[in-house]
Asks: 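Just passing along the structure, written as structure tokens.
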Amino acid sequence: MRTSQYLLATQKEVPSDAEVISHQLMLRAGMVRKVAAGMYNWLPTGLRVLNKVAHIVRDEMNKAGAIEINMPVVQPADLWQESGRWEEYGPELLRIKDRHDRDFVLGPTHEEVVTALVSNEVNSYKQLPLNLYQIQTKFRDEVRPRFGIMRGREFIMKDAYSFHLSNECLDSTYQLMHKAYCNIFERIGLEYRPVIADSGSIGGAVSHEFHVLAESGEDDIAFSNQSDYAANVELAEAITLETSPEATQDLQSVDTGSASTIQEVCELLSIEPAKTVKTLLVKASDEVATDLVALIVRGDHSLNDIKASKHAWVASPLEFANADEVVTATGASIGCLGPVQARVPLIVDASAAACADFVCGANQNNTHYTGANWQRDVGEFEIADIREVVAGDPSPCGKGNLEIRKGIEVGHIFQLGDKYSKAMNCGVLTETGKHEVLQMGCYGIGVTRIVAAAIEQNHDKFGIIWPDAIAPFKVVIIPMNMHKSHRVKEVAESLYSALSDANIEVLFDDRKERPGVMFADMELIGVPYSIVVGERNLDNQQVEIKNRRSNEKTVIAIDEVVDTIKSY
RNA sequence: CGGUGAGUGGCGCAGCUUGGUAGCGCACUUGGUUUGGGUCCAAGGGGUCGUAGGUUCGAAUCCUAUCUCACCGACCA
């Protein structure tokens, strides 16, 4: 490709609304342009990268035995009504009507369509297992699209769906997909982690997310410094080793005035937050007689609402009580709540339960207790793991301690079980002639998001540094003042044809630009290797090859260029 | 959905307080100059100021409504 015949579209200035580095660089490098909130044009350079990623994904999926299909972006509402997600999915599901006033949705995912398809086409156990996938546009009407390509409303996803007669069979395909995903991210050249995850609204039991590690990530991942254990902090189990020491203080009530936050109370009493517990009132489930239940965590810990909402006593989704409800239920207002003589059921986090002589609210305004102790001062309570893990916690795997890092979720795999197949009656005849509902797995990869994540992980102050596997071009020829030197032009042209003939993706910067402009542009778009053709080296029949990542420069003979580039 | 801020040539911004029909940088075009790290000079093309309404002799500027966009938040007592 010649730059003179290409749409390079690089720019010096960044639109002011681009916050994250990948968004800024994708705009400056001429990869994408915004059309509307969360929707983008993909320009030639961006599309080249996107296609590279898609190609690797497709290749590994095929290798793992998945079969490619294509399903429509627009889907009829009745499929969604059948699965129950027409009501369940909420406003992220964009609903539209056709000219006959019939309801449709823009597909955010394709469980319904694929399940209906398999239900019609697959009738015998002999056709199983089956793993179907597509690489296709999805639309999710995000509350707040942000970070450019990272969280768009329209994006490209590889989604695969597998169908099985048994859970064992599902599990073996699941493991196969797990491995395929590892292969994909390794081939692309990203630092990633598979982590144990929550299955969220998609449903199902077993689930892993694949995260690209980057500072700008939206998720926190906890992983052991001594083993492979990694989990989304939403899920990471908190291990409490401490046991409750004996009480040494008497229960005493103190006037804490207007101090209501943990921080204020700690300052007033000159104690550490770890010596306090905080009490949060949330809506109760039907399992308990009261309207509210109390969740108690140590003062320096945070509540993990996903863990909490899974507790049988807690209404799901988690909903905090408002100020009035708190006063009605306890007689005290928010800020002075505590477990002592509480009027609602108590769920106490294990590490809070391991405290002795702690400080807590007294369920009376402007008053806290010091020297509180569970066995002596508090009635019945239940112990559970409801807090967020923190760095330094023992790893649940038993080896090492947890570290916490930011990740960008680029893949997610689930064992769905029969959630969709049951709702949509998708089954086959077994060997004994009995109709049986299928077990399903589903496996997603954010193809567009991978592009952004790769940039977050690979850039410097000059621009993008693509991993070779997904670079838009492998090498760029940068001629020095070609219009003034016949020799430079001749060599550049012949290298261009030689590299093209060797099937190497080469960009030839044949613009009549000054060297500085070319260097800056090519570094910005992140081409891994540059060949600088200049008078300087031509007397020796040589050119300079520069490595974008290491910035290393080597001067080599012109007739070695093709082989050298090939070897990279 | 709540809060904050912003909409002026392709991009980045100024002008708005103190109304008098628009300016700068980048990019673009032409000529010259320069040439191994975003040269310099000159001449040009392009916007009616998000939209609608109002006040006024006169509105980018004041008022009202509306749309769009961005950032923060939507959980810690």
Side-chain angles (χ1 to χ4, degrees), chain A residues 8-20 23-24 27-28 30 33-39 90-91 143-148 234 256 258-266 273 276-282 292 294-309 317-323 325-327 329-330 332-339 349 352 359-363 365 368 386-388 462-463 478-485 488 511-524 530 532-538 543-544 546 551 553 555:
Chain A
L8 201 54
T10 53
Q11 43 187 213
K12 284 189 198 172
E13 279 165 313
V14 201
S16 53
D17 54 13
E19 290 287 310
V20 294
H23 190 196
Q24 293 173 0
L27 290 167
R28 286 193 52 211
R33 292 287 184 263
K34 188 170 77 174
V35 176
M39 296 178 240
V143 200
R144 181 144 90 83
R146 61 183 120 180
F147 305 141
E234 292 173 347
T256 42
S258 63
S260 63
T261 65
I262 293 285
Q263 202 190 345
E264 287 163 0
V265 172
C266 286
T276 69
V277 303
K278 58 185 167 194
T279 305
L280 317 169
L281 292 191
V282 300
L292 303 179
L295 305 176
I296 299 177
V297 295
R298 218 169 68 190
D300 59 329
H301 285 152
S302 299
L303 180 71
N304 178 317
D305 41 2
I306 292 185
K307 288 181 183 176
S309 66
L318 190 77
E319 196 182 340
F320 281 82
N322 65 36
E325 290 164 336
V326 168
V327 174
T330 66
S333 54
I334 286 173
C336 298
L337 307 178
D349 182 69
V359 170
C360 62
N363 297 322
N365 284 349
H368 281 74
I386 55 170
R387 73 171 168 98
E388 204 107 287
F462 300 112
I478 305 180
M480 298 291 107
N481 305 306
M482 187 165 72
H483 62 285
K484 274 180 63 181
S485 162
V488 169
R511 292 175 298 174
K512 192 185 169 203
E513 285 290 355
R514 293 166 55 86
V517 174
M518 296 184 182
F519 286 133
D521 272 345
M522 295 308 134
E523 276 158 10
L524 177 60
S530 309
V532 182
V533 182
E535 282 288 341
R536 195 185 277 180
N537 292 309
L538 284 188
V543 294
E544 181 182 293
K546 207 166 76 171
N551 212 24
K553 296 170 191 171
V555 176

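Residue numbering restarts at 1 for every chain, and letters A, B, ... go by the order of the sequence lines.
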Asks: With P as the reference atom in both, quote the distance from B/U66 to B/U29 in angstrom, rounded to an integer.
Replies: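 Approximately 44 Å lies between the P atom of B/U66 and that of B/U29.
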Asks: Testing A/His483, A/Met482, A/Met518 one by one against A/Glu513 for a side-chain contact (heavy atoms from CB on, under 4.5 Å), which residue passes?
Replies: A/Met518
Asks: Under 4.0 angstrom, heavy atoms only, what part of the nucleic acid is A/Leu281 near: base, sugar-phosphate, or nothing?
Replies: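 Base contact - A/Leu281 has a heavy atom under 4.0 Å of at least one base atom.
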Asks: Check whether A/Asn363 reaches the backbone of A/Ala332 with its side chain - one donor and one acceptor, N or O, closer than 3.5 Å.
Replies: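 Side chain of A/Asn363 to backbone of A/Ala332: no pair is present.
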Asks: Quick one: on RNA chain B, does A/Lys484 or A/Asp521 contact a more 5' nucleotide (nearest heavy atom)?
Replies: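 The 5'-side residue here is A/Lys484.
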Asks: Just jot down the ring-ring contact (aromatic ring centres under 6.0 Å, His included) partners of A/His23, sequence neighbours excluded, or say none.
Replies: A/Tyr40
Asks: Test for a donor-acceptor pair under 3.5 Å between the base of B/G36 and the side chain of A/Glu544, counting only N and O atoms.
Replies: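 A donor-acceptor contact between them is present.
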Asks: Within the structure shown, what part of the strands sits under 4.0 Å from A/Arg33 by heavy-atom distance: base, sugar-phosphate, or nothing?
Replies: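 No contact.
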Asks: Between B/A6 and B/G50, how many Å separate the two P atoms, rounded to a whole number?
Replies: 13 Å
Asks: Return the value, rounded to whole Å, for the distance between atom CD of A/Gln263 and atom P of B/A77.
Replies: 9 Å
Asks: In whole Å, what separates the P atom of B/C41 from that of B/A27?
Replies: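 After rounding to an integer number of Å, I get 12 Å for this pair.
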Asks: Suppose you measure atom P in B/C40 against the same atom in B/U35; what distance do you get, rounded to whole Å?
Replies: 14 Å
Asks: Taking A/Lys278 for its side chain and A/His301 for its backbone only, find out whether a donor-acceptor pair lies under 3.5 Å.
Replies: yes
Asks: What is the distance from CZ of A/Phe320 to P of B/A77, rounded to the nearest Å?
Replies: 10 Å
Asks: Are any non-hydrogen side-chain atoms of A/Arg298 and A/Ile262 less than 4.5 angstrom apart?
Replies: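 Contact flag for A/Arg298/A/Ile262 side chains = no.
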Asks: Has A/Asn481 got a side-chain atom pairing as donor or acceptor with A/Lys484's backbone, closer than 3.5 angstrom?
Replies: no
Asks: Please encode protein proximity along nucleotides 69-74 of chain B as a string of B, S and -, counting only heavy-atom distances under 4.0 Å.
Replies: SSBB-B
Asks: Among B/G36, B/G37, B/C75, find the nucleotide with the atom closest to the side chain of A/Arg536.
Replies: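 Taking heavy atoms from C-beta onward, the closest nucleotide is B/G36.
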Asks: Holding to salt bridge (charged side-chain N to carboxylate O under 4.0 Å, His left out), I want the full list of residues that pass it with A/Glu388, two or more places apart in sequence or in another chain.
Replies: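 So A/Glu388 forms no salt bridge (charged side-chain N to carboxylate O under 4.0 Å, His left out) with any residue.
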Asks: Please compare A/His368 and A/Asn481 by the position of their nearest nucleotide in RNA chain B and report the one closer to 5'.
Replies: A/Asn481
Asks: Atom pairs under 3.5 Å, N or O on each side, protein against nucleotides 23-27 of chain B: can you list them with distances?
Replies:
from	atom 1	to	atom 2	distance (Å)
B/G25	N2	A/Glu13	OE1	2.8
B/A27	OP1	A/Lys12	NZ	3.4

Asks: Rounded to the nearest 0.5 Å, how far apart are CD1 of A/Ile478 and NZ of A/Lys546?
Replies: 6.5 Å
Asks: Could you tell me how far B/U8 sits from B/G25 if I compare only their C1' atoms? Round to whole Å.
Replies: 15 Å
Asks: Rounded to whole angstroms, how far apart are NE2 on A/His483 and C1' on B/U39?
Replies: 12 Å
Asks: With a 3.5 Å cut-off and heavy atoms only, can you find an N or O donor on one side and an acceptor on the other between the side chain of A/Lys546 and the base of B/G37?
Replies: yes
Asks: For RNA chain B, report each stem as range with range, ordered by first number, or say none. Use Watson-Crick or G-U wobble pairs under 3.5 Å, at least 3 in a row.
Replies: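 Stems (3+ consecutive pairs) listed as B:1-7 with B:67-73, B:10-13 with B:23-26, B:28-32 with B:40-44, B:50-54 with B:62-66.
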Asks: Quick one: label A/Asp300 by what it contacts on the DNA or RNA (base, sugar-phosphate, nothing), any heavy atom closer than 4.0 Å.
Replies: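 The answer is nothing, as A/Asp300 stays clear of every strand by at least 4.0 Å.
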Asks: Just verifying a value: how many Å separate A/Ile386 CD1 and A/Ile306 CD1, rounded to the nearest 0.5 Å?
Replies: 14.0 Å
Asks: Provide, to the nearest angstrom, the distance between the CE atom belonging to A/Met522 and the C1' atom belonging to B/G38.
Replies: 13 Å
Asks: Checking the side chain of A/Arg28 only, and the main-chain atoms of A/Thr10 only, is there a donor and an acceptor separated by less than 3.5 Å?
Replies: no
Asks: With a 4.5 Å limit on heavy-atom distance, are the side chains of A/Glu535 and A/Val488 in contact?
Replies: yes
Asks: Quick one: CD on A/Gln24 to CD on A/Gln11, what's the gap to the nearest 0.5 Å?
Replies: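 Taking CD in A/Gln24 and CD in A/Gln11, the distance rounds to 11.5 Å.
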Asks: Report the nucleotide, chosen from B/A77, B/C76, B/U35, that has the shortest atom-to-atom distance to any side-chain atom of A/Leu303.
Replies: B/C76
Asks: Of all the choices, B/G36, B/G38, B/C75, which nucleotide is nearest to the side chain of A/Arg514 once you look at every atom?
Replies: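 Nearest listed nucleotide: B/G38.
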Asks: Using the test salt bridge (charged side-chain N to carboxylate O under 4.0 Å, His left out), find all partners of A/Glu325 that sit at least two apart in sequence or belong to another chain.
Replies: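 Residues passing salt bridge (charged side-chain N to carboxylate O under 4.0 Å, His left out) with A/Glu325: A/Lys283.
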Asks: I'd like to know if A/Glu513 reaches the base of B/G38 with its side chain such that a donor and an acceptor end up less than 3.5 angstrom apart.
Replies: no
Asks: Rounding to an integer number of Å, can you tell me how far A/Ile296 CD1 sits from B/C76 C1'?
Replies: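 A/Ile296 atom CD1 is separated from B/C76 atom C1' by 13 Å.
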Asks: A/Phe519 CZ to B/U35 C1': how many Å, rounded?
Replies: 12 Å
Asks: Please measure how far the C1' atom in B/C16 lies from the corresponding atom in B/A59, and state the result in whole Å.
Replies: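 Taking atom C1' in both B/C16 and B/A59, they lie 10 Å apart.
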Asks: For nucleotides B/U17 and B/C1, find the distance between their C1' atoms and express it as a whole number of Å.
Replies: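 B/U17 and B/C1 have their C1' atoms separated by 34 Å.
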Asks: Figure out the CE/P separation between A/Met518 and B/U34, and round it to whole Å.
Replies: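 In whole Å, B/U34 P and A/Met518 CE are 18 Å from each other.
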Asks: How would you label the contact of A/Lys512 with the nucleic acid (heavy atoms, under 4.0 Å): base, sugar-phosphate, or nothing?
Replies: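 Since no nucleic acid heavy atom lies under 4.0 Å of A/Lys512, the category is nothing.
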Asks: Remember a base hit wins even if backbone is also touched, and classify A/Val297 as base, sugar-phosphate or nothing at under 4.0 Å, heavy atoms.
Replies: nothing
Asks: For the side chain of A/Ser530 and the backbone of A/Val532, is there at least one donor-acceptor N/O pair under 3.5 Å apart?
Replies: no
Asks: Taking atom P in both B/U51 and B/A60, what distance in whole Å separates the two?
Replies: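 My reading of the P atoms in B/U51 and B/A60 gives 11 Å.
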Asks: Nearest whole angstrom, please: distance from the P of B/G12 to the CD of A/Gln11.
Replies: 8 Å
